[in-house]
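A short write-up of the structure that comes next.
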Amino acid sequence: MKWFRRIARIMARVLIFCVVLSGLNYIYVDVPPWERILWHNFYESEGKIDNLYLGSSHVYYDIDPFLMDELNGQYNFNLSTSGQVMNGTYYLLREADRHNDLSHVYIELYYGRNTGGGDGDRVMLEPWFNWQNTDCMKWSANKILYMLSITNDVENYIDLLIPFSRYREHLGDYEYIKSTIETKVSGEYQYVDEFEEYLDKGFRYSEIVYKAEDRAFKRNQTLGENPMAQSCELYLRKAIEYCQKENIPVTLFISPMYNLQPVSAGNYDNYINQIKGIAAEYGLDFYDFNLAKDAYLPIQKLEYFRDVDHLNSAGAEVFTQFFHKVVTGDARQNQKYFYDSYAQKLQSLEPEVYGIHYWKSGSETFMNVASNRESGMEYRIVITPDEFSGREPYVVQDFCENKEFTITDGNGICTVEYRIKNDPDIVHIVEVAFK
């Protein structure tokens with residue numbers, strides 16, 4: 001009896017702890033609205049999902065599951081989350097397979113979420129992109145395994161196991177607590193603003209149009225040989241092997257970006273070739289829609305993008321239809337729709353400047369003209385500082401082939417005039433705002 005009472009006291013304390021922890025999580029944990037709505041809709045769709053689309057925001061902006069329903073006559077769902085890293089892709093795949101009889105899985109592989117090098121890159125160093133999922137998932141062995149994969153840093157264990165601790169700066173902030181409780185009590189799973197709406201099936205409808213003057217992209221990396229991070233490759237392989245073990249067909253793909261971004265990555269083909277190698281190893285189809293020929297996918301228009309790497313709803317409609325045509329077609333016949341490499345694609349296009357990519361160091365901004373030619377084009381560059389600087393417009397360089405330059409102005413307009421080398425008759429102009 002003494003041991004029984006001791007065990008009973010321990011169990012009672014554990015129960016009280018769990019109740020208190022659950023209450024604190026309820027009043028403090030503020031899940032981003034997109035993930036909160038997404039996971040609610042996912043569990044509401046239990047048993048219905050045929051085709052699953054996994055990845056980051058490139059999926060929830062670019063693939064229209066409602067249009068896919070019409071095209072393939074099945075139930076399509078985007079289980080895509082903001083900044084989704086590859087361990088998240090793997091465990092979300094398992095979660096979907098627990099609740100549905102999946103017919104096909106499509107994994108999007110945006111290079112910005114899967115490169116950088118280092119065994120702990122992305123997966124271990126950016127745990128917040130996984131917390132937004134684990135905070136919403138129902139308890140299961142899969143959720144526990146997912147949580148254990150998020151970090152190996154002891155300092156992050158408290159944030160992982162006791163979610164409300166991440167919001168400790170709101171301790172005693174009664175307006176914040178009131179807002180969090182009201183959101184959860186309301187049971188409201190819709191969000192609409194002036195230009196975007198979170199829809200069912202993981203689709204984010206956007207009417208935002210990418211403006212020509214916004215084509216200044218902050219370059220965050222240059223892709224070397226085999227640029228995929230080790231941890232990302234590990235979980236990609238785990239996802240593929242899980243699908244093959246469970247006899248679920250899987251296709252790898254990359255959504256189209258505005259050319260400004262892949263051009264800024266340096267040798268984008270390094271990433272493509274690495275994914276091609278992995279796909280070939282497992283006998284999978286892989287389609288990078290950045291290699292699609294304009295004659296078949298005329299997507300490289302500002303009217304189809306909301307920003308440099310996401311489509312808007314008009315672009316999603318165009319892309320989804322072509323995506324369906326490709327993934328339901330014969331892989332060999334599909335080759336006619338694509339260039340063999342990104343370098344080949346750029347050379348096949350008319351000479352063009354897509355914008356500016358840049359990086360900062362102290363007071364200096366290092367700029368690079370993003371064009372589809374390494375040579376054979378000349379550029380004249382004029383900087384117009386903003387009106388508050390008191391400075392007049394000035395010429396950085398007259399027509400020459402140099403694409404790199406440095407400025408110290410904080411805000412303004414960069415005007416790039418470009419032409420074919422030594423051909424003064426036809427000059428094109430691109431104006432880009434910088435900050």
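These numbers come from the heavy atoms of this one structure, side chains and all, not from hydrogens, waters or symmetry mates.
- The aromatic rings of His58 and His310 stand perpendicular to each other, their planes meeting at an angle above 60°, with 30° marking the opposite boundary.
- Thr320 places a side-chain N or O within donor-acceptor distance of the main-chain N or O of Asp64, the cut-off being under 3.5 Å.
- Formation of a donor-acceptor pair under 3.5 Å by the Asp269 side chain with backbone atoms of Ala343 is found in this model.
- No more than 12 heavy atoms of other residues, nucleotides or ligands lie within 6.0 Å of NZ in Lys245, so this atom counts as exposed by the packing criterion.
- The number of heavy atoms from other shown groups lying within 6.0 Å of CD (Glu350) does not exceed 12.
- In terms of heavy atoms, Asn372 sits closest to Pro351 at OD1-CA, 3.3 Å.
- Between the side chain of Gln132 and the backbone N or O of Ser82, at least one donor-acceptor pair lies under 3.5 Å.
- No more than 12 heavy atoms of other residues, nucleotides or ligands shown are found within 6.0 angstrom of CD on Glu225.
- Under the side chain to side chain contact (heavy atoms under 4.5 Å, CB included) criterion, Glu317 pairs with Leu67, Gln321, not counting sequence neighbours.
- Partners of Ala433 by side chain to side chain contact (heavy atoms under 4.5 Å, CB included), not counting sequence neighbours, listed by chain and number: Ile413.
- In this structure, Arg373 fails the cation-pi test against Tyr418, since its NZ or CZ atom is not both closer than 6.0 Å to the six-membered ring centre and inside 45 degrees of the ring normal.
- Cation-pi geometry between Lys238 and Tyr91 is not met: the NZ or CZ atom fails to fall both under 6.0 Å from the ring centre and inside 45° of the normal.
- No more than 12 heavy atoms of other residues, nucleotides or ligands lie within 6.0 Å of CZ in Phe195, so this atom counts as exposed by the packing criterion.
- For CG of Asp330, the number of neighbouring non-hydrogen atoms (other residues, nucleotides, ligands) closer than 6.0 Å is greater than 12.
- The aromatic rings of Phe338 and Phe322 sit tilted relative to each other, their planes meeting at an angle between 30° and 60°.
- Taking the six-membered ring where the residue is Trp, Trp359 and His357 present parallel rings, their angle staying beneath 30° rather than reaching 60°.
- Under the 3.5 Å distance criterion, the side-chain polar atoms of Glu95 are left unmatched by any main-chain donor or acceptor of Met137.
- More than 12 non-hydrogen atoms from other residues, nucleotides or ligands lie less than 6.0 angstrom from CD of Glu241.
- Using a distance-only test at 3.5 Å, with no hydrogens or angles considered, a donor-acceptor pair links the side chain of Arg113 to the main chain of Gly83.
- A cation-pi arrangement is present between Lys293 and Tyr339, with the terminal nitrogen or guanidinium carbon under 6.0 Å from the aromatic centre and inside a 45° cone about the axis.
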